[in-house]
Amino acid sequence: MTEKPPLDSSEGRTWMEEGQSQTQLTAVDGPDGAATDDGDRPAWDSKIQYVLAQVGFSVGLGNVWRFPYLCHQNGGGAFMLLYVFLLVVVGVPLFFMELAAGQSIRQGSIGVWKHISPKLEGIGYSSCMVCFYVALYYNVIIAWSLFYMGNSFQYPLPWEKCPTNVTSNDTVKECAGSSPTSYFWFRKALNITNSIEESGEFNPIMTGCLLAAWAIVSLAMIKGIKSSAKVMYFSSIFPYVVLFIFLIRGLLLDGALEGITYMFYPKLEIWGNVQVWRQAATQVFFALGLGYGSVIAYSSYNPVHNNCHRDALMVSCINFMTSVLASLVVFVVLGFRAKNIALRCVAENLSVLNSLASSGSNQHWWPWFNMTDVSSVTLAEYREWYHLYSSMVGPKITDCSLEQEMNKGVEGTGLAFIAFTEVMAFFPASPFWSTLFFLMLLNLGLSTMFGTMQGILTPLMDNFSLLGRHRTLLTVSSCALGFIIGLLFTQRSGNYFVTMFDDYSATLPLVIVVIFETISVAWVYGTDRFLDDIEVMLRWRPPVVYKYLWKYVCLLAMVSLLAASLLRMVFKGPTYTAWNQSTASEMTLEYPGWALAMIIMLIVFASLPVPVGYIYSLVKNRWGRSTPSQVEVGQEMCRELYTKCSSTEQPDSHFHPVHFGEDEVHPRPAFLSVGNEHYRLLSQEEDEEEEEQDTGV
């Protein structure tokens, strides 16, 4: 067992001077600076409720439409191996660190880092800011899911065919130039403008859907975890049921095997690409929800002796397996879609060949298969013929490659609202499958949204007693404010702002937050002492490898990720994908100057609380030292006594107890030192007797 370093070392003296208790389990500073009692703190009804909440928060829309895309673009199975490696050496240790900090200190993100040191209080406020950013645009995606789910209750589905122009009775040009699903998404759902500079009016239907989304979140969270946890039983489990149903249905589709083969085929050369490492690390980072404060908030409602190490391993494994399951579903569906497109291409080319044959043309390169019966021609037969005679057939006849279609990666909203909707239109009973799919997206979004809001509300209620006494009012007010600001995303150019917030408002600030979290635990508080606190909590000591992972590997990985993200932003420049109505196609545009300023402001406002909190603490301490109070003198003497008891020295027998006034708070440690390495909890009676001895009452 690693020996606990004496608290009168330079490391211990730094933190003792800041008035922080060295025991992290019960001596928690409340809003007014006094030790708080956790007796009235809400708690989970059961362990399964807590696990579902953590899984529901960490498993979100990114598992369904981001992870499969990264596998698709970055070498399939090779990317998965890289992801698992980074998950083990970076993701799990950081996730375990946040779980242990929240469970031991039993506070939200603000209270946890403030308890370790007042100088770190800004970390918690930065987490709250990022959670608020994410909540603003995440609920817009939930609103889109509500819109599509509402439109699924009709047959045929409204995105199955292109509409016709009433005046000319022709197919609408924008739809004919793209596809029915793309037209419905960009024109019917979003009614999008050509660029972010053209704001356009508000979309009334989407505004109503956003109001409904915020109303659902408000009602589910109005009673705190007591109400949201009950919703979690459905919102966390239902997506798995739907994914398994879609997987079984998808495996029966033509092209499913080709899609799975494409997914798992490894391309090991991608390991030499720095950008692939950056993308894998970013996905690990966001998949586990690190830095949001939601992991800390959820774990703070756990019993002190809950096995948070097992929770970290279990939730991380469930998260990864969910990503693999979602990838299987996505690649099965994309394989079916790609094969349908390729076969449609074969049919069009055979139609051209038939027209040439009917004109009397007689060429030696005519196919040997029956051109009149298109259904009898396989994709392999056509491609074999095309590769033999491609140089002779002319430009009108094209290749029909399934691999080429699979290489056209689709992610995010394009995967959910365009590619998937296109495939479901081919299913028998398509309204049923469409309703099921968007109900799954709705539940995935809501379970993550609950955790995000908990990352805002819990720290505020823990740190400000007035807000804690008005939980319902705070919840409703936060949701109302989110809806008002969220109107930015319901104008016609709103999708471009969703992209801006998704790409830039959270990534850099969250990485900065986690870097400071790791520094505070590993280098400021000390990994040995943190492991000691965990040992008291778990009743066994975690492996020493965590010490080196926290101090070196995780910190180096986070700093490298920050540097890579900054360099990419500087050299590549922020861009976004816009929809051009006249050409019916997507194009990449650069953000205008005011939008770049907005991006910088989002990043600065989210990161600013960290240095501001540090400076505020320094100024406050400097002013406080000039006029020390009687309470501070007593606290310093108590810290001196605690230091001597915790080291190999014995307390000074000439120490005289300090008498406090009736209204003054007497800080007391929650643990007694038993030897140098073991601690035991004081019972209430022993605690009172110890207080009487210390105060001389």
Side-chain angles (χ1 to χ4, degrees), residues 56-57 60-62 108-110 124-147 190 202-225 227-228 231-232 235 289 291-294 297-298 413 441-461 463-464 467-468 470-491 493-506 509-510 598 601-603 605-606 609:
F57 168 68
L61 297 172
S109 56
I110 297 175
Y125 286 103
S126 285
S127 294
C128 288
M129 284 292 297
V130 174
C131 279
F132 187 64
Y133 286 164
V134 173
L136 287 176
Y137 76 84
Y138 213 87
N139 229 19
V140 177
I141 302 174
I142 295 175
W144 294 340
S145 301
L146 283 172
F147 173 79
L190 301 179
F202 285 106
N203 187 329
I205 298 178
M206 280 305 171
T207 303
C209 290
L210 182 62
L211 179 61
W214 277 111
I216 294 171
V217 172
S218 179
L219 291 173
M221 300 198 64
I222 202 163
K223 296 296 183 183
I225 63 169
S227 57
S228 63
V231 181
M232 288 286 184
S235 64
Y292 285 92
S294 304
Y298 275 157
T413 54
L441 287 188
L442 177 64
N443 282 276
L444 279 173
L446 284 175
S447 58
T448 301
M449 190 67 187
F450 294 153
T452 304
M453 291 300 295
Q454 206 68 55
I456 302 171
L457 300 177
T458 297
L460 294 178
M461 289 186 294
N463 206 55
F464 301 100
L467 298 178
H470 299 86
R471 178 192 301 270
T472 301
L473 181 61
L474 175 64
T475 303
V476 174
S477 301
S478 300
C479 292
L481 179 63
F483 168 71
I484 293 171
I485 300 177
L487 292 175
L488 170 72
F489 307 107
T490 63
Q491 54 185 342
S493 60
N495 184 49
Y496 303 136
F497 288 98
V498 171
T499 303
M500 176 195 292
F501 272 67
D502 187 33
D503 289 343
Y504 302 107
S505 71
L510 278 181
M598 187 175 177
M601 287 174 61
L602 288 173
I603 296 172
F605 284 163

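Excluded from the calculations below are hydrogen atoms, water molecules and symmetry mates; all remaining heavy atoms, backbone and side chain alike, are included. Remember, it's a predicted structure, so these values are computed and weren't measured experimentally.
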State, with a plain yes or no, whether a side-chain heavy atom of [X] is found less than 4.5 Å away from one of [Y].
X    : Y    : result
L481 : F132 : yes
W214 : M449 : yes
T475 : L457 : yes
V217 : N139 : yes

Closest approach of [X] to [Y] (non-hydrogen atoms, all atoms of both residues):
X    : Y    : answer
S126 : A606 : OG-O, 2.8 Å
I110 : G124 : CG1-C, 3.6 Å
L146 : A213 : CD1-N, 4.0 Å
F450 : M221 : O-CE, 3.6 Å
D502 : Y137 : OD1-OH, 3.0 Å
V134 : A506 : CG2-CB, 4.0 Å

Say you draw a straight line from [atom1] of [X] to [atom2] of [Y]; how long is it, rounded to the nearest 0.5 Å?
X    : Y    : atom1 : atom2 : value
L473 : I222 : CG    : CD1   : 10.0 Å
N443 : T448 : CG    : OG1   : 10.5 Å
I142 : L444 : CD1   : CG    : 10.0 Å
C131 : L510 : SG    : CG    : 7.5 Å
I484 : L211 : CD1   : CG    : 10.5 Å
L467 : S478 : CG    : OG    : 8.5 Å

Taking [Y]'s backbone N and O only, do any of them form a donor-acceptor pair with [X]'s side chain (distance below 3.5 Å, no angle check)?
X    : Y    : answer
T490 : N203 : no
T458 : Q454 : yes
S447 : F57  : no

Worked verdict on L602 versus Y504 for side chain to side chain contact (heavy atoms under 4.5 Å, CB included): CA-CA 8 Å; L602 288 173; Y504 302 107; 5.9 Å; no

Evaluation steps, side chain to side chain contact (heavy atoms under 4.5 Å, CB included), between L136 and F497: CA-CA 11 Å; L136 287 176; F497 288 98; over 6 Å; no

List the steps and the verdict of side chain to side chain contact (heavy atoms under 4.5 Å, CB included) for Y138 and T452. CA-CA 9 Å; Y138 213 87; T452 304; 5.8 Å; no

Where do F501 and V140 land on the side chain to side chain contact (heavy atoms under 4.5 Å, CB included) test, with the steps shown first? CA-CA 12 Å; F501 272 67; V140 177; over 6 Å; no

